[in-house]
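A short worksheet on the structure shown next.
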Amino acid sequence: MTAESAELLRWYDSHARVLPWRVGPAERAAGMRPDPYRVWLSEVMLQQTTVAAVKAYFLRFTELWPNVAALAGAEDDVVMGEWAGLGYYARARNLLACARIVVRNHGGRFPDTREGLLTLPGVGDYTAAAIAAIAFDRPETVVDGNVERVMARFHAVSTPLPKAKAELTALAAGLTSGVRPGDYAQAVMDLGATICTPRNPACGLCPWRDPCRARALGIAAELPRKAAKAAKPTRLGTVWIARRADGAWLTERRPDKGLLGGMLGWPGTGWAEIAPDDTPPLQAKWQAAGEVRHTFTHFHLRLKVMAAEVDREVESGVGGFGRLNPGDLPTVMRKAHVMALTALENPENAGENRVGFA
DNA sequence: GAGTCGTGGAC
DNA sequence: TGTCCAAGACT
């Protein structure tokens, strides 16, 4: 163990954040170990997602499904509905697939090595190392966005990401502690999340302020460098939102692959830079409810929302009418639903509504 | 290796 | 308003 990693562990002992999935340093010292199921679940939820956003989902999932066997036995649509709003929905599909593999092929126990964990769906280099270190105290090197930033500054690496990834991984491995590896892994990430932040790093409070090369050079806030990102195009589309007299809504399940895969949605056009032809899924007195603006990772969407009340007898070929829990909808579809509801309640204002406009 | 894949908060 | 960013994985 290096002097630096020892210093970081001392910092962590007094500054570790309290998180629902975390076994803190004092509890670990008392012999407690985290539940691999909870570590895995939290790490998957935390992929490209903030701690603030994950907390409520983690508590809800562990309440509904306290162990991997319970989750493996859940119905797909229920899990997708509970994941709604958290984003990156392939994670939810992989989560279920992984739970079922762990139960069926591993006797309900997660593999306890990085290599074994890597075979699971939805578990990549980072997550495998994180579970191995945190749940099984193996001295694996975790490299997430926090660690990349901390290492780029600590060693003053000016090579832009993602090209610098391999170099930063090697530098991180050089600092990884063989003592208390689970605490160390969380300590580096906590350092990046609370001190060595992307903007305005709090170098004065950093346990690594002395050995940090970027701080010595006065360029900590400039690192890590990143390659320029492509501009986001704008795509257009239309959704048709029909409410039957008995309160049922016409929804459809999206295909498993692709954007919002496996999630509930509204019948509508595809989304393209040239407005697609929009033909309603059924004949009704459609009103233009307004336009939803929503930004995905790689494009902006302007979604025209059409709404209608239909008779109980109406049938559609594209999906089914049924009871709707709006919380099961991904966010963009929930925005469209809110807009349709507003139009149906206030038909005189139809077309004036905007969602996603400041 | 470069694209794809969500969302909400900070600035 | 727009841009960046968050405990990445998969193709």
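Naming convention: chains lettered A, B, ... in sequence-line order (proteins, then strands); numbering from 1 in each chain.
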Verify the distance criterion only: is there a donor paired with an acceptor across the side chains of A:Arg91 and A:Gln47 at less than 3.5 Å?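 Distance-only check fails for A:Arg91 and A:Gln47.
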Applying a 4.0 Å non-hydrogen cut-off, can you work out what [X] is touching in the nucleic acid: base, sugar-phosphate, or nothing?
X: A:Gly258; value: sugar-phosphate
X: A:Trp83; value: nothing
X: A:Arg17; value: base
X: A:Leu260; value: sugar-phosphate
X: A:Pro162; value: nothing
X: A:Arg93; value: nothing
X: A:Val123; value: sugar-phosphate
X: A:Leu301; value: nothing

Residue A:Asp144, side-chain atoms from C-beta onward, closest of C:dG8, B:dT7, C:dC5: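 The nucleotide sitting nearest to the side chain is C:dG8.
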Options B:dG8, C:dA7, B:dT4, nucleotide nearest the side-chain atoms of A:Arg334: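 Per side-chain heavy atoms of A:Arg334, the pick is B:dG8.
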Within a radius of less than 6.0 Å around CG of A:Asp277, do more than 12 heavy atoms belonging to other residues, nucleotides or ligands occur?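 No - once you tally the heavy atoms of other residues, nucleotides and ligands closer than 6.0 Å, there are 12 at most.
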Kindly check if the number of other-residue, nucleotide or ligand heavy atoms within 6.0 Å of CZ (A:Arg109) is above 12?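 Counting neighbours around CZ of A:Arg109, 12 or fewer heavy atoms of other residues, nucleotides or ligands fall under 6.0 Å, so no.
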Upstream residue (5' side of DNA chain C) when A:Thr295 and A:Leu120 are each assigned their closest nucleotide: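 Of the two residues, A:Thr295 wins.
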A:Thr297 vs A:Lys229, nearer the 5' end of DNA chain C by closest nucleotide: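 Residue closer to the 5' terminus by nearest nucleotide: A:Lys229.
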Roughly how many Å is it from [atom1] in [X] to [atom2] in [N], rounded to a whole number?
X: A:Glu148; N: C:dG8; atom1: CD; atom2: C1'; result: 10 Å
X: A:Lys232; N: C:dT3; atom1: NZ; atom2: C1'; result: 8 Å
X: A:Glu43; N: C:dA7; atom1: CD; atom2: C1'; result: 5 Å
X: A:Ile131; N: C:dA9; atom1: CD1; atom2: C1'; result: 13 Å
X: A:Leu95; N: C:dA9; atom1: CG; atom2: P; result: 14 Å
X: A:Asp256; N: C:dC10; atom1: CG; atom2: P; result: 16 Å
X: A:Met45; N: B:dC5; atom1: CE; atom2: P; result: 22 Å
X: A:Leu46; N: C:dA6; atom1: CG; atom2: P; result: 13 Å

Under 4.0 Å: is that the gap between some side-chain N or O of [X] and OP1 or OP2 of [N]?
X: A:Gln47; N: C:dG8; result: no
X: A:Tyr88; N: B:dT4; result: no
X: A:His294; N: B:dT7; result: yes
X: A:Arg91; N: C:dC10; result: no

Measure the shortest side-chain to side-chain distance between A:Leu223 and A:Ile219 over non-hydrogen atoms and say whether it is less than 4.5 angstrom.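 Side chain of A:Leu223 against side chain of A:Ile219, heavy atoms only: contact under 4.5 Å found.
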For atom P, what is the distance between B:dG3 and C:dC4, given to the nearest Å?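 Each nucleotide's P atom is 16 Å from the other's.
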Same-atom distance (P) from C:dA7 to B:dC11, integer angstrom: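 Here C:dA7 and B:dC11 have their P atoms 15 Å from each other.
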Classify the side chain of A:Arg199 versus the base of C:dA6 as yes if they form a donor-acceptor pair under 3.5 Å and no if they do not.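 There is none.
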Answer with yes or no whether A:Thr49 presents, from its side chain, a donor or acceptor under 3.5 Å of a partner atom in the base of C:dG8.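 Donor-acceptor pair under 3.5 Å: no.
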Ring center gap for A:Tyr88 and A:Trp83 short of 6.0 angstrom: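 No, ring centres 6.0 Å or more apart.
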May I ask you to check whether A:Trp286 and A:Trp240 place their ring centers less than 6.0 Å from one another?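 A:Trp286 vs A:Trp240: aromatic centres under 6.0 Å.
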Upstream residue (5' side of DNA chain B) when A:Asn200 and A:Thr331 are each assigned their closest nucleotide: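 Nearest nucleotide further toward 5': that of A:Thr331.
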Do A:Arg180's NZ or CZ and the ring of A:Trp11 fall within the cation-pi criteria of under 6.0 Å and 45°?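 Because its charged atom misses either the 6.0 Å distance or the 45° angle limit, A:Arg180 does not stack over A:Trp11.
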